[in-house]
Amino acid sequence: MKRRALQWMVTLTLLPLFAHALTLAEIEQQLDPAPVLNADFRQQQHLAMLSRPLVSTGSLLLIKGHGLQWQMKAPFTSDLKLIDGTLYSNGQADSLPGGDAFSRRLMMVLSGDFSALDNAFEIEASGQPEQWTLTLEPRNATLKKVLHGLSVSGGRTPEQFRLNYPNGDYSVTTLSNIQLTDTPTDDEEQRLARP
Amino acid sequence: MRAPDRLAGFRLNRPLGAALWCLLILLGITLAASGLRSPHWLNSNLLAMLPQDTVPAATRQVSDRYRQTLSSTTLWLTPGDSPADAARRTEQLRRALGGSALFDEIGPTLSEQDLQQRYRALAPYRYQLLTPTDRQAALSQPDALIQQALARLYRPSGASSQQWQADPLFLFERYLASLSRNSTALHNGIAMLSHGDRYWGMSLASTRHDSFAIDQQTQLDAFRRQMQQDFPDTLFTGMPFYAAAGAVSAEREIRTVGLFSLVCIVLLFVLVFASLRPLLLALISIASGVLWGLAASLWLFGELHLLALVFGASLIGVSVDYSIHYFCHLRGQPDAAPITVRNRLLPPLGLALLSSVLGYSAMAWAQFPGLRQVAVFSISGLVMAWLTVMLLFPALSRQTGATLSPWVARLHRIMAHWQRLILRFRWLALAAGAAIVSGMLWLSASDDVHDYQTPPAHLQAMQTQLGKITDNAPGAYFVVHGRDIQHWWQREQQLHDALQAAHIDSDALSRYWVPAQQQHTIHTALADGVFQHPRFARFSDTVGMTDAARQKVQADFDQPVTPLSLPDWLQRLDNPALSQLWHGCDDQGCRSLVLVRGKVDSPHETPLATFNAPDQGITLIDDASSISSLMGTLRDHLHLLLIAAYALSAMLLTLARGPVFALRLLAVPALASLVVLGSLGWLTGHYGLIHVLALFLILGIGIDYAIFYQQDGHTPTATLAVLFSATTTSLSFGLLGLSDTQVVHDFGFSVFIGIVAAALLAPLFAVTPSPLPPASENRRPHDRH
């Protein structure tokens, strides 16, 4: 009897050692596959030369594989859309360099498309399948100069991500009110139609 | 014999004639040799042979320089499913280009260092040089700049504080972005274009050496085919490929036409004369003609255009006519010595030469460099072939007393039958003739410079596809001139604004750079409207700028303003696409190019000609349409010249022999020309400059047939001579009709029909029909058989 209890205690104490490192596949497995995501966001940008962070809030709409709309509502309104790989800001084709690369990556992050990000980033996972955190570091030296790294955390969908820039700049975005649906409504399709 | 005996006593005897001929040949060899010594004696540059529009010399200089750059530039687009894929395949392509040793300056590769270099080089001037929209905003709505800065700052991608400190309103960021066209994304330094769902990596390569030397052309054309195989979905274009394809096909045509003409001549000579000597002498005549054609052209022009040589290959069939006439008459008059034959032939052959030369000289008048070369080549070739017959043949040929073979008489009877047939059914013949000629009603005149070059279908297809993906300059551009930099800039600015108002996209330096005066204005406007205005304080409060940051920004802005000159700016920018637009300032003023951009499937609504204002320093250069319209004008002038030529010939012939004679002779080429025009109307409905030139040639050569029937009457000799020479001539021109190049084909085809028609019509008009020759006439009294 005593021996039995001892065995149990050893197994229980050693159990954590057998708990394997969380893999990307496991995380992806338990992500909600629903293609349409609606959420409110709150982004805080911390820049070294600012005495307080820039805070913006708004809502976003993601249709996986098709497009992303980042609609800022405060402190002023602005509408950024990435549709089929092209970036539009306030209805006009956007021409700033790097803008669409960033938006594409953002879309991948929000879609939970981590295997696509694996090409450009070294990804480390930690936590549990139900509450995970990913740390991504750019493989490309050129990219590393503009983006030191980013981290994403969430459960059934990404809920928060942080981007670290050189010079100590960073930004944190938190999603709330997340709604996942299977098919986009007409209004949602309209919003992400090519202008 | 009806040949006039005026010149029977012509004194030039055989040894003297032969000696003269040798001298001429030596002169020809010397001239040709010295001309051929230059490696660039054969030119395949299409633009060099076309007529040029008249523009001021300075403008011509600018456009020539630009054309030279274009003539060696090739553009390549490599597709991929992602930017990385496209970049990898582009690098593969560039390695292949480098390995071929045909290209220089394969690129462009804009590395991270290049971009940083550009940033550092232009940063000191960032408050002086702005995008046109920002310039406008700085002057009239500074609030808009603040709003834009806020919007940019709050973007999810954020901003690097280091960059933002230097550029708080993001003016410089926008300016740098505007400097790269289409804001093409870069991947591994390679410019990417996206079209549809594919990404295209762009490469530019310049061909090495002089791309118009003939051996380079062959290599380049072979390379093009290889590339089409190795990289099947890569698109490429560039003038070097068009020139190379044209050169290779022209070379092939010259060889074909030349070879076939010679082979047919050999066969016919052997068939008709059954002896080697006439053939050899005829070949000597042809060779001396070609020699002098080369010598005269190279001496007068220093070079020969490939297209001129293609036309010139037809000379072989025309120049042999004089030899044919000589030998036909030698055989036909078995009791006459060679010198007598020569003397008897001198008037008619002289007249024939004169008319042919006049026919070709219409081309020389046309102010069309390529056709001028054809004219000189042909005229000198014909004259030399004629001189060979006149000077050399009496010395080297012998009167063997051999006569024409019996089937010649049969041929002659066939022709006589033809005559009687036509006369018997004259109304039917007239109706048939009228039916053919009525085809003229369907003729419409037009000229297109693209007819002068027919590129391979694959090149054309790629060009169309490329036009949908990039917006290549569609061939037209403006040269802008001003007294000085300020003046020039204002004019270019006006042009650019006018084009923009008409939704025409253009590349102009004035969009990105402003003169010193304006740079000061911009800085002052920024100072008054933003940096020294409460606005900026409000902005920095809103975003929460630290005091240290604010002071740094202010200090940076307050740096003294040193204007950046245009050449300096171009050097710092290091962008060949923009540098090529600037053509410098001299004591006559400053000049630049403004390139017009546009996609192939959306042509401009407003014609570019509306912006042409040479008296205000803005000159439109649109080679394709200006040359085409120039050809139209030339065509109209040549119409008049053709009528004048007929009138002049009519006058001369009337003076010589009376009006009936003149009418009879001129009816032959006139009716033949109508047959040609009618056939063109029925077959193609299209008619241009080259067809009018063909009509000149038909006048010149067609009248010869009439002359010969006139001189000799209806003898077997005349029939043979005319039919034989008509066969060789129409054959040469008929071979030209097989050419890929539209104009060569049109010319050959028209002359072919004209010559055949003239040969058939000549016996009908020359004299009243002779009675059917009795069967005994084919046996001559001195027949040795």
Side-chain angles (χ1 to χ4, degrees), chain A residues 41 43-58 60 68 70 72 74-80 82 84-87 89-90 93-106 110 116 119-120 140-143 145-147 161 163 165-171 173, chain B residues 82-84 110-113 115-116 131 133 146-148 150-166 168 170 173-174 176-189 192 194-199 540-553:
Chain A
F41 67 82
Q43 183 180 59
Q44 282 186 315
Q45 295 200 53
H46 298 253
L47 294 184
M49 55 188 271
L50 297 180
S51 53
R52 53 176 187 278
L54 296 171
V55 181
S56 61
T57 56
L60 65 87
L68 165 71
W70 183 279
M72 193 167 91
F76 52 84
T77 54
S78 122
D79 190 15
L80 212 63
L82 181 73
D84 285 339
T86 319
L87 192 63
S89 88
N90 297 327
D94 190 270
S95 57
L96 280 187
D100 60 334
F102 176 87
S103 314
R104 249 181 272 127
R105 248 176 259 128
L106 181 64
L110 290 175
N119 277 336
N140 188 336
T142 328
L143 186 57
K145 280 201 208 131
V146 292
L147 179 68
F161 52 93
L163 292 109
Y165 297 103
N167 307 320
D169 302 333
Y170 66 92
S171 82
T173 313
Chain B
S82 71
L110 211 58
S111 67
E112 190 60 41
Q113 282 100 304
L115 288 172
Q116 281 182 0
T131 64
T133 339
I146 302 281
Q147 289 307 312
Q148 238 179 329
L150 278 174
R152 169 69 186 90
L153 202 54
Y154 276 94
R155 275 166 76 120
S157 52
S160 143
S161 55
Q162 196 181 26
Q163 248 174 310
W164 187 43
Q165 182 138 301
F170 299 102
E173 185 185 66
R174 287 197 287 277
L176 283 177
S178 76
L179 287 173
S180 44
R181 271 208 70 78
N182 306 326
S183 303
T184 53
L186 283 178
H187 192 98
N188 285 358
M192 290 282 148
S194 72
H195 179 81
D197 51 354
R198 303 202 89 183
Y199 292 91
S540 51
D541 282 339
T542 313
V543 300
M545 258 173 129
T546 61
D547 284 336
R550 197 184 316 194
Q551 274 165 12
K552 179 100 180 32
V553 166

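Chain letters run A, B, ... following the sequence lines, proteins first, then strands; residues in each count from 1.
- Summarising the geometry, atom OG belonging to B:Ser161 is positioned 13.0 Å from atom NE2 belonging to A:His46; distances are rounded to the nearest 0.5 Å.
- Two residues are said to be in side-chain contact when any heavy atoms from C-beta on lie closer than 4.5 Å; A:Leu47 and B:Val543 fail this criterion.
- In this structure, no portion of B:Ser540 lies under 4.5 Å from any heavy atom of chain A.
- Across B:Gln162, B:Gln165, B:Lys552, a single residue satisfies side-chain contact (heavy atoms from CB on, under 4.5 Å) together with A:Met49, and that is B:Gln165.
- Rounded to the nearest 0.5 Å, atoms CZ (B:Arg152) and OG (A:Ser89) are 10.5 Å apart.
- The distance from atom OG of A:Ser171 to atom CZ of B:Arg155, rounded to the nearest 0.5 Å, is 13.5 Å.
- B:Thr546 approaches A:Leu50 most closely through the heavy-atom pair CG2-C, 3.8 Å.
- For a residue to count as touching a neighbouring chain, one of its non-hydrogen atoms must lie under 4.5 Å from one of that chain's; by this rule B:Leu150 touches chain A with backbone and side chain alike.
- Interface residue A:Pro75: only side-chain heavy atoms are found under 4.5 Å from chain B.
- Side-chain atoms of A:Gln43 come within 3.5 Å of backbone atoms of B:Pro156 as a donor-acceptor pair (strictly under, hydrogens ignored).
- Between chain B and the options A:Thr77, A:Thr173, A:Val55, the largest number of non-hydrogen pairs under 4.5 Å is found for A:Val55.
- Smallest separation of non-hydrogen atoms from A:Leu54 and B:Tyr154: CD2-OH, 3.6 Å.
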